[in-house]
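Report on the structure given below.
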Amino acid sequence: MIPEIGHFALALALSLAVVQSVLPILGASHGNVRRMQSARSSAIRQVFFVGVALAALMRSFVVSDFTVRNVAENSHSLKPLLFKIAGTWGSHEGSLLLWVLILTVFGAGVAVLGSNIPAATKARTLSVRAWISVGFLSFLLFTSNPFDRVSPPPADGSDLNPLLQDVGLAMHPPLLYFGGSMAEVVREGTRFLSPQDRDAMAIYLFDAEVGGGRGHREGRRGVRRAEDPDRLRKRRGHWPRSERNELMRPTRRDALKLAGLAGLGAGLPRGLFAAEDIPELSAQVARLQLLPDSYPQTEVWGYGGTIPGREIRVGQGQRLRRRFVNDLPQASSIHWHGIRIDNAMDGVSGLTQDAVAPGGTFDYDFVTPDAGTYWYHAHNRSWEQVARGLHGPLIVDEAEAPDVDREEVLVLDDWLLNPETGQIDDSFDHPMMMSHSGRTGNYVTTNGRYNLTLPVRRHERLRLRLINASNARIFQLKLSGLEGWIVALDGMPLASPAPVEDVLVLGPAQRTDLIVDVLAEEGETADLVDVGENFSQVVFTVSGTASQTRRAVPVALPPNPKMDLPDLAGATPLRLVMSGGAMGRMDSAILKGERMGFRELAAAGRFWAFNGVAEMTDTPLADLGLGEPVRLVIVNDTVFPHAMHLHGMHFREVSEDGALGPLRDTILVGGRETREITFTVDNPGDWLFHCHMLGHAASGMTTWVRVA
Ligand SMILES: [Cu+2]
């Protein structure tokens with residue numbers, strides 16, 4: 001009879017939860033106070049009914065009622081009382097029930113004690129909590145009913161999960177759940193507290209969190225201990241068990257179960273109720289007017305559905321967190337280009353993380369050590385995904401901003417569009433593009449516009465942050481009506497501003513920070529001229545005057561940390577020979593461990609090789625130690641230029657006279673050119689080194705270095 005009471009109480013709790021999931025939130029949206037207040041009584045009653053259910057189950061365990069399947073499977077008549085009680089949450093049915101009770105207790109706590117919470121917010125919060133209760137209770141009742149009877153009942157039970165047969169661990173799940181929920185409620189509650197109260201509560205929150213964390217670690221330790229056969233044997237000696245239990249071995253599954261249980265306590269409340277306030281960055285399919293208005297809209301893939309992706313801006317040294325949400329039809333990941341990042345956050349699918357499947361998420365969380373102009377882009381099938389638009393600017397502000405009137409972030413890109421339909425040409429894997437200079441578009445844009453026009457004033461001083469986000473285009477730019485200085489390359493400040501006297505070359509993935517003064521007269525235009533295409537990449541229309549006189553020559557940006565020159569004399573020599581491509585001299589290369597002829601390679605979609613290998617190998621180009629200085633000679637034995645990008649670290653070019661160039665993360669190596677770079681290896685992890693003509697990277701030009 002008692003189990004039936006428990007079962008019935010659960011059903012009542014579910015119906016209350018259903019009502020609570022609807023009424024208060026409706027009340028909140030219509031301003032109906034009575035409906036909003038109905039949450040209070042239903043929340044309290046749920047605690048009562050779920051409490052009755054848990055008590056009924058616990059009683060069945062305490063009296064060893066083996067007619068209840070759950071008791072028969074998770075207890076034994078000769079257990080000490082503590083372990084009989086622990087049997088209540090020794091199964092997934094029981095632990096779910098316990099969890100629901102704690103959930104409802106805290107829900108009622110919010111209802112009764114949350115007088116400082118605005119009524120509508122409170123009503124909504126309680127409704128949302130009720131949705132979760134409805135889910136759990138339905139799951140319990142319809143798939144995992146802990147009150148199921150078994151007939152005929154066994155003579156004795158089959159014992160408790162061995163992992164819970166430890167005085168400490170027996171009471172572990174309730175404490176863990178309680179700690180997790182407490183942390184959550186405190187966190188929620190503090191949003192409505194005064195700052196002083198919040199400070200006071202913060203200490204408590206910290207305790208609760210640490211407590212939860214400690215519990216989790218304890219749980220894991222328990223798992224390890226339980227896996228120790230000696231310990232198990234000893235324990236089995238203490239308490240009798242049924243025959244079935246003789247065969248019971250702690251399996252990996254059991255271990256995972258407990259770890260999962262512990263994880264439930266630590267992770268689940270946070271994930272479900274609080275929704276950590278980590279901002280989302282979604283990659284999604286969007287249609288927008290990329291071409292002039294007389295053309296149809298173009299389907300693109302964009303971060304936040306825009307082209308370029310949403311600008312991300314943080315201060316230097318700050319923590320950047322984004323939950324990547326993949327709403328694309330393809331797996332993807334995000335690489336934070338140029339950030340000297342923690343390796344696990346580098347976003348390289350297949351090297352530092354698995355690609356995030358469609359519908360999946362990945363939390364990026366890192367600190368931005370360097371100020372400057374960076375960008376983020378897709379790093380799975382990047383030759384397709386970046387071409388479809390998956391990239392955006394990532395700006396890290398200096399602690400002290402340079403003295404300019406304003407700044408403009410200019411993302412330069414090109415698109416290969418079908419002129420009839422206006423849609424992106426989807427021949428991403430076309431051998432012609434892979435084997436030549438790369439996928440070059442027929443439509444050039446700045447910030448997603450072909451005719452970007454910005455109003456300026458005469459003598460105004462601007463900081464222009466140029467980012468080349470194209471797959472393969474090398475932009476050649478000139479200033480007209482503007483006087484400019486290069487102040488940073490690839491994010492890193494130059495020691496002193498370099499006047500722009502000639503053509504600015506911006507290879508794929510490269511960035512240039514300029515400070516420019518508007519010299520053109522009012523009514524005229526100044527231009528960022530694309531010399532290659534012979535058109536204006538950006539038109540600056542001059543109206544008004546910022547000041548009658550010119551400003552002084554700009555000063556250098558503040559240096560970033562770790563800009564020391566590497567020790568050339570003691571540097572480890574490395575060599576990378578690039579070969580292949582159309583009109584190249586590559587007769588053969590290694591692919592999947594076999595030497596293949598150029599034709600065979602081409603049939604496999606490989607047109608390029610690094611040191612005679614046409615794929616990323618299991619072994620790195622170099623195994624390097626932290627602090628090791630390196631000199632890397634790059635021999636371009638092809639007729640095409642390649643933009644070589646190193647992840648995780650910046651390098652300097654060594655010129656023929658031994659002088660060191662500015663810090664960069666991407667170097668453009670011309671056809672048949674040989675260049676040398678040097679850097680001190682100072683970031684541990686597996687770092688990609690590849691051509692940023694993305695089709696080249698996909699067809700043979702990718703390698704990596706390991707830093708340990
Ligand atoms: Cu290349």
Side-chain angles (χ1 to χ4, degrees), residues 335 337-338 348 351 375 377-379 381-387 391 412-414 416 427-441 467-476 490 505-511 532 574-586 589-591 598 601-602 604-617 621 632-647 651 653 664-677 687-705:
H335 170 55
H337 190 115
V348 179
L351 183 68
W375 64 303
H377 62 78
H379 219 303
R381 284 190 61 83
S382 57
W383 68 100
E384 171 179 355
Q385 296 192 355
V386 175
H391 57 74
L412 280 51
D413 198 3
D414 67 352
L416 188 57
S427 59
F428 301 104
D429 300 276
H430 199 285
M432 263 303 267
M433 290 177 205
M434 292 266 185
S435 63
H436 287 69
S437 59
R439 181 185 168 100
T440 325
I467 302 171
N468 182 349
S470 74
N471 274 43
R473 177 177 293 264
I474 300 165
F475 284 91
Q476 294 176 282
D490 295 349
V505 179
L506 199 63
Q510 290 188 321
R511 286 90 62 214
L574 299 172
R575 191 176 169 83
L576 183 79
V577 179
M578 308 193 267
S579 57
M583 299 164 277
R585 294 183 289 220
M586 186 170 84
I590 307 286
L591 180 61
F598 191 75
L601 289 167
R606 303 302 166 114
F607 304 96
W608 311 90
F610 280 166
N611 291 346
V613 181
E615 64 190 329
M616 191 163 129
T617 48
L621 172 72
L632 169 60
V633 175
I634 305 171
V635 181
N636 182 358
D637 195 16
T638 82
V639 301
F640 296 100
H642 301 286
M644 290 300 298
H645 170 47
L646 177 65
H647 287 221
F651 51 77
E653 183 171 1
R664 300 214 71 142
D665 60 43
T666 306
I667 181 174
L668 195 57
V669 184
R672 301 269 183 245
E673 255 185 12
T674 293
R675 310 277 283 274
E676 184 177 14
I677 62 170
W687 300 109
L688 217 57
F689 185 47
H690 65 101
C691 178
H692 225 285
M693 274 78 173
L694 296 169
H696 294 176
S699 56
M701 291 197 139
T702 301
T703 186
W704 58 295
V705 296

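Residues take their numbers from the sequence shown, with the count starting at 1. Whatever order the structure lists ligands and atoms in, that order sets their numbers, starting from 1.
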- Message: Using the ring pair (Phe, Tyr, Trp, His ring centres under 6.0 Å) criterion, which residues pair with H391? Sequence neighbours excluded.
- Response: none
- Item | Pair E653 + R675, salt bridge at N-O below 4.0 Å | yes
- Query: Do R439 and D414 meet the salt-bridge criterion of a basic N to acidic O distance under 4.0 Å?
  - Reply: no
- Query: Have W375 and N468 got a donor and an acceptor in their side chains that come within less than 3.5 Å?
  - Reply: no
- Tally of protein N/O/S atoms under 2.8 Å from the Cu ion (ligand 1)? 3
- Query: Short question: side chain of N471, backbone of L694 - any donor-acceptor pair under 3.5 Å?
  - Reply: no
- Task: Decide whether H690 and H696 meet the rule of one side-chain donor and one side-chain acceptor closer than 3.5 Å.
- Result: no
